[in-house]
S.K.: 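Next up is a structure, given as structure tokens.
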Amino acid sequence: MNILDKIIVDKRREVILKKSIIPVSQLEASVFFSKKTISLSKNLRNSTSGIIAEHKRRSPSKAEINYSFTVEEVAKGYEDAGACGISVLTDGKYFGGSLDDLLLARASVNIPLLRKEFIVDEYQILEAKAYGADLILLIAAVLTREEIKSLSQFAKSLGLEVLLEVHNQEELEKSIMPTLDMIGVNNRNLKTFEVSLDFSKQLAAQIPDEFVKISESGISSVEAINELKPFGYKGFLIGENFMKTENAGKSAKEFIKQLAP
């Protein structure tokens with residue numbers, strides 16, 4: 001069993017436990033259910049940098065990235081830096097995140113927030129909405145075509161945007177459907193953790209133009225972004241690169257400044 005399989009087994013258990021204690025009606029009572037979504041896809045189409053900056057304390061491949069910032073400091077720093085949106089890890093066991101991180105980020109900024117999570121159930125999409133997210137992530141590697149369809153339709157019914165993550169041609173082919181807004185190519189193989197920008201380059205031409213193309217993981221230089229832009233990528237998700245520094249917001253600001261045309 002690889003790390004991704006383990007995460008999904010744990011996640012399914014976690015959702016069953018949460019459902020048993022917090023009813024859907026409680027999530028639907030959140031003030032955010034009447035809030036208008038801030039569109040990341042629109043921001044990316046109109047941006048020259050396309051940076052989606054991530055709040056991530058640790059990961060399965062890096063025991064600890066950074067525990068010294070508050071969510072508010074990171075989120076405000078990213079907004080001030082000119083990020084198009086912020087990705088907030090809400091998985092506890094493997095990434096050291098929580099739904100409270102999403103809530104605190106929402107209280108701090110007015111740019112789009114992605115709930116970065118291993119979504120396997122509609123309940124998690126209700127949570128995302130209830131805690132202030134503007135969009136959700138669906139990972140093709142762990143979902144069937146039918147699941148992608150039903151989960152993305154459910155997200156759209158709540159006014160959320162959908163970013164679908166793929167890693168290869170097979171995942172892309174099974175996933176393309178009108179209920180997606182953005183398609184992200186993960187340059188990290190979630191089964192082996194090997195990273196290469198070639199994954200984004202190879203899949204670029206297969207992604208229809210109606211979806212905003214996003215490249216995720218392993219992007220640590222301006223050169224990498226300039227290398228990917230000719231392939232039609234409009235968004236670039238960067239996490240560790242900013243979080244591992246002493247000041248994530250300042251690091252993002254300097255990076256984005258270098259991307260200015």
Side-chain angles (χ1 to χ4, degrees), residues 2 4-5 7-16 18-19 24 27-28 32-33 36-42 44-45 52 85 87-91 99 102 112-186 188-191 199-200 202-217 232-235 237:
N2 62 47
L4 189 55
D5 295 333
I7 292 172
I8 296 304
V9 167
D10 285 342
K11 199 53 62 179
R12 290 192 189 279
R13 285 198 196 115
E14 187 184 298
V15 172
I16 290 165
K18 282 185 165 185
K19 275 181 168 176
V24 166
L27 295 173
E28 288 174 339
F32 294 117
F33 263 77
K36 195 174 181 303
T37 301
I38 313 165
S39 171
L40 178 63
S41 60
K42 202 175 283 179
L44 292 174
R45 284 188 198 277
I52 305 157
S87 164
V88 182
L89 259 304
T90 61
D91 173 78
L99 275 167
L102 184 59
L113 294 181
L114 164 68
R115 179 184 188 189
K116 184 87 174 284
E117 181 56 272
F118 298 85
I119 289 183
V120 292
D121 193 288
E122 287 183 0
Y123 185 83
Q124 294 161 291
I125 301 173
L126 286 168
E127 285 180 326
K129 181 74 177 171
Y131 282 77
D134 298 289
L135 65 149
I136 58 150
L137 176 76
L138 295 178
I139 301 172
V142 301
L143 300 166
T144 64
R145 180 174 173 82
E146 278 314 304
E147 286 171 327
I148 293 165
K149 189 178 178 186
S150 63
L151 291 169
S152 59
Q153 282 175 343
F154 186 68
K156 300 299 276 185
S157 76
L158 296 179
L160 296 168
E161 287 195 318
V162 179
L163 164 60
L164 178 95
E165 176 179 303
V166 299
H167 182 68
N168 56 39
Q169 179 94 23
E170 191 189 340
E171 289 175 9
L172 180 63
E173 283 172 3
K174 81 168 180 187
S175 307
I176 291 174
M177 55 186 75
T179 40
L180 309 174
D181 300 283
M182 294 154 274
I183 293 181
V185 178
N186 193 341
R188 177 179 283 117
N189 183 327
L190 289 175
K191 291 170 183 173
F199 293 119
S200 281
Q202 287 158 8
L203 287 179
Q206 321 295 323
I207 302 172
D209 287 340
E210 66 256 39
F211 305 109
V212 176
K213 294 180 198 177
I214 295 174
S215 186
E216 311 169 7
S217 296
Y233 286 94
K234 288 294 227 172
L237 194 139

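If you read the sequence from its start, that first residue is 1, and numbering goes on from there.
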S.K.: Flag the pair Ile7 / Asp10 as yes when at least one side-chain heavy-atom distance between them is below 4.5 Å, and no otherwise.
M.R.: no
S.K.: The test is side-chain contact (heavy atoms from CB on, under 4.5 Å); show your working for Leu114 and Leu40 and say whether it passes.
M.R.: CA-CA 9 Å; Leu114 164 68; Leu40 178 63; 5.6 Å; no
S.K.: Should Arg115 and Leu135 count as side-chain neighbours, where that means a heavy-atom distance under 4.5 Å?
M.R.: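 SC-SC contact between Arg115 and Leu135 ruled out.
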S.K.: The test is salt bridge (Lys or Arg N to Asp or Glu O under 4.0 Å); show your working for Asp121 and Lys19 and say whether it passes.
M.R.: CA-CA 10 Å; Asp121 193 288; Lys19 275 181 168 176; 2.9 Å; yes
S.K.: Going by an N to O cut-off under 4.0 Å, is there a salt bridge joining Glu28 and Lys129?
M.R.: no
S.K.: Check the pair Gln124, Val15 against side-chain contact (heavy atoms from CB on, under 4.5 Å), reporting the backbone distance first and the verdict last.
M.R.: CA-CA 7 Å; Gln124 294 161 291; Val15 172; 3.6 Å; yes
S.K.: Go through the steps to decide whether Val24 and Leu126 satisfy the test side-chain contact (heavy atoms from CB on, under 4.5 Å), and finish with yes or no.
M.R.: CA-CA 8 Å; Val24 166; Leu126 286 168; 3.6 Å; yes
S.K.: Would you compute the distance between atom OG of Ser175 and atom CG of Leu164 and round it to the nearest 0.5 angstrom?
M.R.: 4.5 Å
S.K.: Indicate yes or no: does Asp91 engage Lys11 in a salt bridge with an N to O separation below 4.0 Å.
M.R.: yes
S.K.: Ser39: what forms a side-chain hydrogen bond (donor to acceptor under 3.5 Å, both in side chains) with it, not counting sequence neighbours?
M.R.: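 For Ser39 the side-chain hydrogen bond (donor to acceptor under 3.5 Å, both in side chains) partners, ignoring immediate neighbours, are Ser41, Glu161.
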S.K.: Salt bridge check, Arg188 against Glu216: does any charged N sit closer than 4.0 Å to a carboxylate O?
M.R.: no
S.K.: Closest approach of Ala128 and Ile136, non-hydrogen atoms and distance?
M.R.: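 Answer, listing the atom of Ala128 first, then Ile136: CB-CG2, 3.7 Å.
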S.K.: Using the rule side-chain contact (heavy atoms from CB on, under 4.5 Å), only one of Asn186, Val185, Leu237 pairs with Ser217; which is it?
M.R.: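 Going through the options one by one, the only one that passes is Asn186.
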S.K.: Is it the case that atom OH in Tyr233 sees more than 12 heavy atoms from other parts of the structure closer than 6.0 Å?
M.R.: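 Counting other residues, nucleotides and ligands, OH of Tyr233 exceeds 12 neighbours.
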S.K.: side-chain contact (heavy atoms from CB on, under 4.5 Å) for Leu203 and Ile183? Distances and angles first, verdict last.
M.R.: CA-CA 11 Å; Leu203 287 179; Ile183 293 181; over 6 Å; no
S.K.: Out of curiosity, Asp134 CG to Leu163 CG, how far, rounded to the nearest 0.5 Å?
M.R.: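 Going from CG on Asp134 over to CG on Leu163, the span is 13.0 Å.
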S.K.: Which residues satisfy the ring pair (Phe, Tyr, Trp, His ring centres under 6.0 Å) test with Phe32, sequence neighbours excluded?
M.R.: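 So Phe32 forms no ring pair (Phe, Tyr, Trp, His ring centres under 6.0 Å) with any residue.
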S.K.: If we ignore hydrogens and angles and just use 3.5 Å, is the side chain of Lys213 paired with the main-chain N or O of Ala204 as donor and acceptor?
M.R.: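 At least one qualifying donor-acceptor pair exists.
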S.K.: If you define the side chain from C-beta out and look only at heavy atoms, does anything of Val88 sit under 4.5 Å from Lys116?
M.R.: no
S.K.: Minimum heavy-atom separation for Glu171 to Ala141, with atom names?
M.R.: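 So the two residues come closest at OE2-CB, 3.4 Å.
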S.K.: Do Leu143 and Leu138 make a side-chain contact, defined as non-hydrogen atoms from C-beta onward lying under 4.5 Å apart?
M.R.: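 Yes; the side chains approach each other to less than 4.5 Å.
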S.K.: To the nearest 0.5 Å, how far apart are CZ in Phe211 and CE in Met177?
M.R.: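 Phe211 CZ to Met177 CE: 9.0 Å, rounded to 0.5 Å.
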S.K.: Would you mind reporting whether Phe118 and Val142 have side-chain heavy atoms less than 4.5 Å apart?
M.R.: no
S.K.: State the CZ-CG distance between Phe33 and Leu158, to the nearest 0.5 angstrom.
M.R.: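 Reported to 0.5 Å precision, the distance equals 5.5 Å.
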S.K.: Go through it in stages, so that I can follow the logic: the residues are Glu117 and Thr90, the test is side-chain hydrogen bond (donor to acceptor under 3.5 Å, both in side chains), and I'd like the CA-CA distance, side-chain angles, deciding distance and then a yes or no.
M.R.: CA-CA 6 Å; Glu117 181 56 272; Thr90 61; 2.8 Å; yes
S.K.: Heavy atoms, side chains only, cut-off 4.5 Å: are Glu147 and Thr144 in contact?
M.R.: yes
S.K.: Using side-chain heavy atoms (C-beta onward) and a distance below 4.5 Å, is Lys156 in contact with Val162?
M.R.: yes
S.K.: Heavy-atom count check: over 12 atoms from other residues, nucleotides or ligands less than 6.0 Å from Glu170 CD?
M.R.: no
S.K.: For the pair Arg13 (side chain) and Ile8 (backbone), establish whether a donor and an acceptor sit closer than 3.5 Å, ignoring hydrogens and angles.
M.R.: no
S.K.: What distance do Leu102 atom CG and Leu89 atom CG have between them, rounded to the nearest 0.5 Å?
M.R.: 11.0 Å
S.K.: How many angstroms lie between CD in Gln153 and CD1 in Ile148, if you round to the nearest 0.5 Å?
M.R.: 12.0 Å
S.K.: Please give me the minimum heavy-atom distance between Arg145 and Glu173, naming the atom from each residue.
M.R.: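 Shortest heavy-atom separation between Arg145 and Glu173 comes out as NH1-O, 4.3 Å.
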S.K.: So Val166 and Lys174, do their side chains get closer than 4.5 Å, heavy atoms only?
M.R.: no
